[in-house]
Structure formats: structure tokens, C-alpha cells
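Beneath this line is the structure, given in C-alpha cells, with notes to follow.
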Amino acid sequence: MRTSPVVKKNISATKEDYVRAIYLLQESGQEPGILQIAKRLNLSKSTVSERIKELTQAGLTLSKPYSTVSLTTKGHALGKNMTYKHRLIEVFLHQTLKLPKDKIHQEAERLEHAFSDEAIKHLDSFLKHPTHDPHGSPITH
């Protein structure tokens, strides 16, 4: 049985979204900067700059002005966990609830913050430990 990493849950959904965006940019081989993060989240560069400062203060990112943003070990674990949750939820929405692929991403975006690690562990088991989400992305824990 797979287990997901334990990450403190005193982190807001907004911060989780930022960390996951940085994680996905890094996973795709990009070096995330403010502009790339802003594009991914459809936000202004100034908004992203302010949030990155908060993430750095929270120990989730490392950032220097006019440079790329990287995740700390804690940030990487959170990004990986949020991506794991998101992709499992997409499998559930598509396979079990029969929602079309083009509708599951937005729904999973909302639900990934509500599911506890415990519930996700049970969902993974219920789904018989899928290895890929409906879009073909790998599900890793």
C-alpha cells in the first residue's frame, strides 16, 4: 500500500496552490520564476512576488530577487503530496463518477485541499493504486 508524505496542514489552500504550481513547473523541467508562476496561476507578477515572500518566510521556498524560485525539502514534499492528491481525485472523478476529462481538473483543484492524507490513503486503496491520472500523468507518492 502506498503512503503519502506527512506534511503539516496549517498551510492555506492558496499557499498549497503556489507550491503545487512551482512543483509542477519543476517536474516539467522548467526553472520557475515569478513570470512562469504567474502565468501558471493566471495571476499578476506583483501578486506572485508578494506570495513568494510569504512562502519563503514559511520555509517552503527559496527565492532571490530577479531569480528563479525553488522549493525547500518541506515545500517539495508538500508539492508532491498535493499533486498526488490531485491526480488520485481526478481518477476518482473520471472512473467512478464518470465525469468527462475536460471537467475533472477544476473539480480536483477544489477538492485536493479538502481531502486529508488519511482519506487519500483510503481513496488510493479504493481505486486499486492507479499509476496514472486520466490525462496520462504519473501518480507518485
Where do [X] and [Y] come nearest, in terms of heavy atoms and distance?
X: Pro134; Y: Ile104; result: CG-CD1, 3.6 Å
X: His132; Y: Val91; result: O-CG2, 3.6 Å
X: Val69; Y: Ser63; result: CG2-OG, 4.1 Å
X: Ile11; Y: Lys15; result: CG2-CB, 3.5 Å
X: Ser125; Y: His129; result: CA-CE1, 3.7 Å
X: Leu71; Y: His76; result: CB-N, 3.7 Å

Just by modelled atom types, is the Ile22 backbone N or O under 3.5 Å from a matching donor or acceptor in the Arg40 side chain? no
Does any N or O in the side chain of Thr68 come within less than 3.5 Å of the main-chain N or O of Pro32, such that one atom is a donor and the other an acceptor? no
Separation of [Y] [atom2] from [X] [atom1] (nearest 0.5 Å):
X: His122; Y: Phe115; atom1: NE2; atom2: CZ; answer: 12.0 Å
X: His86; Y: Glu112; atom1: NE2; atom2: CD; answer: 6.0 Å
X: Ile52; Y: Ile37; atom1: CD1; atom2: CD1; answer: 4.0 Å
X: Ile89; Y: Thr96; atom1: CD1; atom2: OG1; answer: 12.0 Å
X: Lys45; Y: Gln36; atom1: NZ; atom2: CD; answer: 10.5 Å
X: Tyr18; Y: Thr61; atom1: OH; atom2: OG1; answer: 11.5 Å

With sequence neighbours excluded, residues passing salt bridge (Lys or Arg N to Asp or Glu O under 4.0 Å) with Glu50: Lys53
Taking only residues two or more places apart in sequence, or in another chain, which ones meet Glu31 in a salt bridge (Lys or Arg N to Asp or Glu O under 4.0 Å)? none
Intermediate values then yes/no, side chain to side chain contact (heavy atoms under 4.5 Å, CB included), Thr47 and Leu41: CA-CA 10 Å; Thr47 298; Leu41 294 172; over 6 Å; no
Under a 4.5 Å side-chain heavy-atom rule over Ile, Leu, Val, Met, Phe, Trp and Tyr, are [X] and [Y] clustered together?
X: Leu111; Y: Leu97; value: yes
X: Leu24; Y: Ile34; value: yes
X: Leu62; Y: Tyr23; value: no

Would Tyr84 and Thr140 count as a side chain to side chain contact (heavy atoms under 4.5 Å, CB included) if you check the C-alpha gap in whole Å, the side-chain angles of each, and the deciding distance to 0.1 Å? CA-CA 6 Å; Tyr84 170 67; Thr140 58; over 6 Å; no
Side chain to side chain contact (heavy atoms under 4.5 Å, CB included) with Ile139: of Thr131, Thr83, Leu88, only one passes, and it is Leu88
In terms of side-chain heavy atoms, does [X] have a donor or acceptor partner in [Y] at a distance below 3.5 Å?
X: Thr14; Y: Ser12; result: no
X: Gln30; Y: Ser28; result: yes
X: His94; Y: Asp133; result: no

Can you list the steps and then say if Asp117 with Lys121 is a side chain to side chain contact (heavy atoms under 4.5 Å, CB included)? CA-CA 6 Å; Asp117 289 344; Lys121 183 176 160 185; over 6 Å; no
Are Arg87 and Glu90 within salt-bridge range, i.e. N to O under 4.0 Å? no
After noting the C-alpha distance and the side-chain angles of Glu109 and Arg20, does the key distance pass the side chain to side chain contact (heavy atoms under 4.5 Å, CB included) rule? CA-CA 11 Å; Glu109 284 284 322; Arg20 184 165 178 271; 3.1 Å; yes
